[in-house]
Amino acid sequence: MNTYAILILIILVIHYWIGIFADLLNLKALSPELPAEFADVYDQEEYRRSQEYTRARTRFGFIEGGFDFWVLLFFWFAGGFELLDIWARSWQVNPELTGVGYIALLVAGKSLLSLPFTLYSTFVIEERFGFNRTTVATFFMDRVKGFLLAVVLGGPLLYLILLFFNSLGPGAWLLCWLVLALFILGVQFIVPTWIMPLFNTFTPLEDGDLRRAILQYAGKVDFPLENIFVMDGSRRSSKGNAFFSGFGKKRRIALFDTLIESHSVSELVAVLAHEIGHYKMRHILQGVLLSIVHSGFLLYLFSLFISKQELFAAFFVTTPSVYGGLIFFSLLFTPVDLILSIALNGLSRKNEFSADRFARETTGTGKDLVSALKKLSSQNLANITPAPLYVALHYSHPPLRERVRAL
């Protein structure tokens with residue numbers, strides 16, 4: 001084993017055990033005592049179920065994470081990357097198509113191996129706790145649509161990146177960054193109009209008290225709003241949510257039908273005020289710009305390792321390639337990616353507090369948003385006493401107790 005192989009193996013082992021440790025701390029942090037501030041939305045039985053849901057998902061995560069970890073190690077040390085590379089090269093097509101095929105096979109293989117876990121998660125765990133409303137037909141149709149989208153959108157993008165690096169060498173990262181930045185920006189406009197409707201039905205919110213209250217609030221905060229939609233979230237889950245997407249005329253606010261069913265008009269306006277707060281405070285634009293900067297940083301670092309023969313030797317691959325380098329670099333980059341994800345999660349939680357504050361200040365009270373968040377927590381059986389390390393690693397939103405206290 002060369003230096004790169006030892007380093008990557010150590011990285012993967014540490015990363016795996018950090019996840020395990022955080023999960024164990026999260027389980028230990030589960031308190032049998034219901035926090036007093038949630039007594040108005042939880043009864044003792046519901047609180048017990050929320051903790052059992054956390055335990056069930058964590059135990060399942062141990063099994064799934066362990067399986068993924070050991071499959072990766074087996075594939076690596078059995079020479080799977082080299083065998084797949086030899087097969088891909090035997091197709092005798094250009095290097096770009098070879099690379100797209102190679103990466104597509106790795107992704108498809110991982111997806112197939114994870115399919116039983118996804119099925120169990122959806123139709124056993126989520127079903128057991130009363131969340132799942134997905135039919136088998138919808139489940140598999142979602143995956144077919146996701147695959148086709150990856151082919152239509154991801155395939156050409158990957159082809160271009162491989163073409164530029166194959167043609168221009170390590171210096172191609174700047175041109176690739178430009179292409180990726182345009183792709184990230186373009187997706188913001190096509191996702192709300194073209195992609196989301198492939199998976200869900202978006203119905204304009206009908207005229208009534210809710211629509212009038214939302215439009216009145218939007219006018220008050222100088223937020224021109226025409227596209228208010230109800231999304232059929234109940235088609236897949238009983239969990240509720242709301243989100244904002246897109247820019248300009250393509251922007252839209254969507255409320256899950258499950259959210260509307262269980263919240264009052266004032267609570268829904270408060271939820272929408274929070275989403276509008278993200279837009280007003282430029283959090284969405286910030287996220288897009290950070291994605292662009294992040295992609296440029298990754299491409300630059302990748303350009304430094306693309307010609308390292310030792311990196312390919314670490315995975316027993318005899319013929320270096322751009323597409324192989326992408327895969328192996330992603331594994332080497334794991335610790336940097338972990339640090340970046342912790343930082344980005346921290347920024348996201350900070351933005352959530354800011355959007356909450358915007359909602360409180362513009363609606364005149366924090367009570368409605370507090371009530372809405374508590375109801376969502378109860379209905380979704382959320383863990384309201386998560387461990388700090390688990391929050392740092394996984395939470396893009398602040399723990400509910402912190403949000404309630406801030407509001």
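Residue indices begin at 1 and follow the sequence shown.
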Asp23 and Thr58 side chains, donor-acceptor separation under 3.5 Å: no

For Arg282, look at atom CZ and say whether over 12 heavy atoms of other residues, nucleotides or ligands are found less than 6.0 Å away. no

Check: Gly233 main-chain N/O paired with Asp257 side-chain donor or acceptor under 3.5 Å: yes

Any donor-acceptor pair under 3.5 Å linking the side chain of Thr385 with the backbone of Ala29? yes

Gln309 versus Pro320: any side-chain heavy-atom pair under 4.5 Å? yes

Using residues 108-118 as the side-chain source, report each donor-acceptor pair under 3.5 Å to any protein atom, sequence neighbours left out, with the distance given to one decimal.
from, atom 1, to, atom 2, distance (Å)
Ser111, OG, Val107, O, 2.9
Ser114, OG, Lys110, O, 3.2
Ser114, OG, Ser111, O, 3.0
Thr118, OG1, Ser114, O, 3.0

Mark yes or no for whether Tyr217, through its side chain, and Thr362, through its backbone, hold a donor-acceptor pair below 3.5 Å. no

Take a 6.0 Å sphere around NZ of Lys145 and say whether it holds more than 12 heavy atoms from other residues, nucleotides or ligands. yes

Cut-off 3.5 Å, side chains only: do Thr318 and Glu82 have a donor facing an acceptor? yes

Is Ile86 close to Thr319 at the side-chain level, that is, under 4.5 Å between some pair of heavy atoms? no

Check whether any side-chain heavy atom of Leu30 lies under 4.5 Å from a side-chain heavy atom of Leu27, and answer yes or no. yes

Hey, what do you get for CZ (Phe199) to CG (Asp142), rounding to the nearest 0.5 Å? 6.0 Å

Taking side chain as C-beta onward, heavy atoms only, is Ile190 less than 4.5 Å from Ile195? yes

Please answer whether the main-chain N or O of Leu163 pairs with a side-chain N or O of Ser167 as donor and acceptor at a distance below 3.5 Å. yes

Taking everything shown except Lys375 itself, do over 12 heavy atoms lie less than 6.0 Å from its NZ? yes

Value rounded to 0.5 Å, distance of CG in Leu160 from CZ in Phe183: 11.0 Å

Pairs touching residues 324-356 that satisfy ring pair (Phe, Tyr, Trp, His ring centres under 6.0 Å), sequence neighbours left out: Phe81-Phe328, Phe302-Phe329, Phe305-Phe329, Phe312-Phe328, Phe315-Phe328, Phe329-Phe333

I'd like to know if the side chain of Tyr53 pairs up with that of Asn380 as donor and acceptor (distance under 3.5 Å, no hydrogens or angles considered). no

When you compare the side chains of His274 and Glu352, does any donor N or O come within less than 3.5 Å of an acceptor on the partner? yes

Strictly below 4.0 Å, N to O, side chains only: are Arg405 and Glu37 in salt-bridge contact? yes

Backbone N/O of Leu268 and side chain of His263: donor-acceptor pair under 3.5 Å: no

Donor-acceptor pair, Asp232 side chain versus Asn200 backbone, under 3.5 Å? no

dist Glu45:CD -> Leu34:CG (nearest 0.5 Å) comes out at 12.5 Å

Is the ring pair Trp87/Trp91 parallel, tilted or perpendicular, if the boundaries are 30 and 60 degrees? perpendicular

Thinking salt bridges, do Arg49 and Glu46 make one under a 4.0 Å N-O criterion? no

Less than 4.5 Å apart, any side-chain heavy atom of Leu149 and any of Leu198? yes

Quick note, salt bridge (Lys or Arg N to Asp or Glu O under 4.0 Å) partners involving residues 115-129, not counting sequence neighbours, are Glu52-Arg128, Arg57-Glu126, Glu126-Lys239

Is it true that atom OH of Tyr300 has more than 12 heavy atoms of other residues, nucleotides or ligands lying nearer than 6.0 Å? no

For Asn2 and Glu310, indicate whether the former's side chain and the latter's backbone hold a donor-acceptor pair under 3.5 Å. yes

Can you measure from CG (Asn351) to CD (Gln286) and round to the nearest 0.5 angstrom? 4.5 Å

Look at the side chain of Ser50 and the backbone N and O of Tyr47, then say whether any donor-acceptor pair between them is shorter than 3.5 Å. yes

Is atom CZ of Phe147 surrounded by more than 12 heavy atoms (other residues, nucleotides or ligands) closer than 6.0 Å? no

Does the side chain of Leu407 come within less than 4.5 Å of Leu373's, by heavy atoms? yes

Check Tyr102 against Asp85 and note the closest heavy-atom contact, atom names and distance. CE1-N, 3.4 Å

For Phe164 and Cys176, work out which heavy atoms get closest and say how close. CB-SG, 3.7 Å

In terms of side-chain geometry, is the basic nitrogen of Asp356 or Arg360 positioned less than 4.0 Å from the acidic oxygen of its partner? no

